[in-house]
Amino acid sequence: QEDIPPRNEEKKKQMSRSSRMYWKSRQNNMSRPRRNWRAAKDMQLYRHHYPNLDVEDDGVMWNVEFYRNQICFRPHGCKIEEILNNWKGDYLELENNHCYIQWLFPLRERGVNMHAFELTQKEIEVFKKDADIRRRLAKAYELMLDFYGIKLLDEKTGKVARTAYWKERFDN
């Protein structure tokens, strides 16, 4: 306990048990990365299908309409087919325009783009059943893999590999 901050004996006595344990663990685990508790909580919510999530259902399946190429992403966007057909390799567009990402990969919870809609359970079921939506989702995934310098080798297994230009794309 001699190395536990603060080094002042009087302050050590005033520290809570949890603080002492924290500093002790820091002392013993300096070489190991610390766990990201926020990420762990997010993963737990994801695995448990977001319990207590109350998504407003206005009857319109915005994410399904976008993936069916019926509406443009918001704000100031275009339809998904335009993205999939014209943006691959356009790294400047992909880097500078951040509005599209939550439309390509909708979340079950509110994200940064206030114009994107949370993915509802009904929409998830439609995504699973609609072959065109699944095809577009796979193409969107490949588009973003390419942006990061990765290529999909096997759709069935999900196996990926670096592209020849991965070093140029790695920092994105």
Side-chain angles (χ1 to χ4, degrees), residues 33-172:
R34 292 184 51 211
R35 183 171 183 167
N36 183 331
W37 290 105
R38 186 175 180 163
K41 184 179 178 185
D42 284 348
M43 260 328 232
Q44 183 179 26
L45 287 172
Y46 170 78
R47 279 193 220 111
H48 294 283
H49 307 288
Y50 296 91
N52 306 320
L53 180 68
D54 187 25
V55 177
E56 290 182 31
D57 186 0
D58 61 2
V60 180
M61 291 195 279
W62 296 102
N63 295 299
V64 169
E65 288 193 12
F66 174 70
Y67 260 91
R68 284 186 172 155
N69 207 44
Q70 296 172 344
I71 63 170
C72 297
F73 72 82
R74 298 177 187 173
H76 319 296
C78 57
K79 293 183 178 179
I80 191 168
E81 282 297 325
E82 183 178 333
I83 295 170
L84 298 177
N85 294 326
N86 301 329
W87 289 23
K88 187 165 186 176
D90 189 348
Y91 303 129
L92 194 59
E93 181 70 40
L94 291 166
E95 180 66 38
N96 292 329
N97 183 344
H98 295 121
C99 299
Y100 68 92
I101 198 71
Q102 281 179 242
W103 286 89
L104 283 184
F105 307 105
L107 304 170
R108 292 275 295 136
E109 58 191 348
R110 177 59 80 190
V112 176
N113 181 349
M114 66 183 184
H115 299 285
F117 293 87
E118 293 98 337
L119 185 65
T120 66
Q121 199 60 46
K122 282 193 254 183
E123 288 176 317
I124 291 170
E125 294 308 314
V126 173
F127 270 56
K128 289 178 183 177
K129 294 174 185 169
D130 190 311
D132 283 336
I133 288 177
R134 288 195 320 272
R135 178 188 57 78
R136 287 185 179 116
L137 184 59
K139 281 186 75 174
Y141 177 59
E142 289 184 69
L143 172 83
M144 293 313 298
L145 285 176
D146 178 69
F147 176 72
Y148 293 112
I150 303 168
K151 60 184 171 188
L152 183 62
L153 296 177
D154 188 331
E155 267 189 50
K156 299 249 187 273
T157 66
K159 185 176 181 178
V160 295
R162 295 175 181 161
T163 61
Y165 49 88
W166 73 273
K167 286 183 182 178
E168 300 161 23
R169 306 298 322 144
F170 188 71
D171 289 332
N172 290 300

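Using a 4.5 Å heavy-atom threshold, the side chains of Glu125 and Gln121 count as touching. By the 4.5 Å heavy-atom criterion applied to side chains, Lys122 and Val64 are not counted as neighbours. Side-chain contact check for Phe105 versus Leu137: some heavy-atom pair is nearer than 4.5 Å. Under the 4.5 Å side-chain criterion, counting only non-hydrogen atoms from C-beta, Asp146 is not in contact with Glu142.
Tyr100 contributes a side-chain N or O that, together with a main-chain N or O of Leu94, makes up a donor-acceptor pair within less than 3.5 Å. Judged by distance alone, the side chain of Asn96 and the main-chain N or O of Leu92 form a donor-acceptor pair under 3.5 Å. Between the side chain of Trp103 and the main chain of Arg74, a donor-acceptor pair closer than 3.5 Å is present. A distance-only check finds no donor-acceptor pair linking the side chain of Arg162 to the backbone of Gly149 [under 3.5 Å]. In this structure a side-chain-to-backbone donor-acceptor pair under 3.5 Å is present from Glu123 to Asn63.
Rounding to the nearest 0.5 Å places CG of Leu84 at 6.5 Å from CG of Leu143. Note that the CG atom of Leu107 and the CZ atom of Phe117 stand 14.0 Å from one another [nearest 0.5 Å]. Note: Glu109 CD to Glu118 CD = 9.0 Å, rounded to the nearest 0.5 Å.
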Residues Arg135, Glu81; criterion salt bridge (Lys or Arg N to Asp or Glu O under 4.0 Å); working and verdict = CA-CA 11 Å; Arg135 178 188 57 78; Glu81 282 297 325; 3.5 Å; yes
Can you list the steps and then say if His76 with Asn97 is a side chain to side chain contact (heavy atoms under 4.5 Å, CB included)?
-> CA-CA 10 Å; His76 319 296; Asn97 183 344; over 6 Å; no
Starting from the C-alpha separation in whole Å, work towards a yes-or-no answer on side chain to side chain contact (heavy atoms under 4.5 Å, CB included) for Glu95 and Phe147.
-> CA-CA 9 Å; Glu95 180 66 38; Phe147 176 72; 3.1 Å; yes
Please step through side chain to side chain contact (heavy atoms under 4.5 Å, CB included) for the pair Lys139 and Ile80, ending with a clear verdict.
-> CA-CA 10 Å; Lys139 281 186 75 174; Ile80 191 168; over 6 Å; no
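Across all their heavy atoms, Cys99 and Phe73 have their closest contact at CB-CE1, 3.7 Å. Of all heavy-atom pairs between Tyr67 and Phe127, the closest is CD1-CZ, 3.6 Å. Summarising the geometry of Ile71 relative to Lys79, their closest heavy-atom pair is O-CG, 3.7 Å, with the distance given to 0.1 Å. For the pair Gln102 and Val112, the tightest heavy-atom approach, listed with the atom from each and the gap, is OE1-N, 2.8 Å. Between Ala140 and Leu104 the shortest heavy-atom distance is CB-CD2, 3.9 Å. Closest approach of Ile101 and Met144 over heavy atoms only: CD1-CE, 3.8 Å.
Applying the ring-ring contact (aromatic ring centres under 6.0 Å, His included) criterion to Phe170, with sequence neighbours excluded, gives Trp166. In this view, Arg68 and Asp130 satisfy the salt bridge (charged side-chain N to carboxylate O under 4.0 Å, His left out) rule, not counting sequence neighbours.
In this model, no donor atom of one side chain and acceptor atom of the other lie less than 3.5 Å apart for Glu82 and Asn86.
Atom CD of Glu155 is surrounded by 12 or fewer heavy atoms from other residues, nucleotides or ligands within 6.0 Å.
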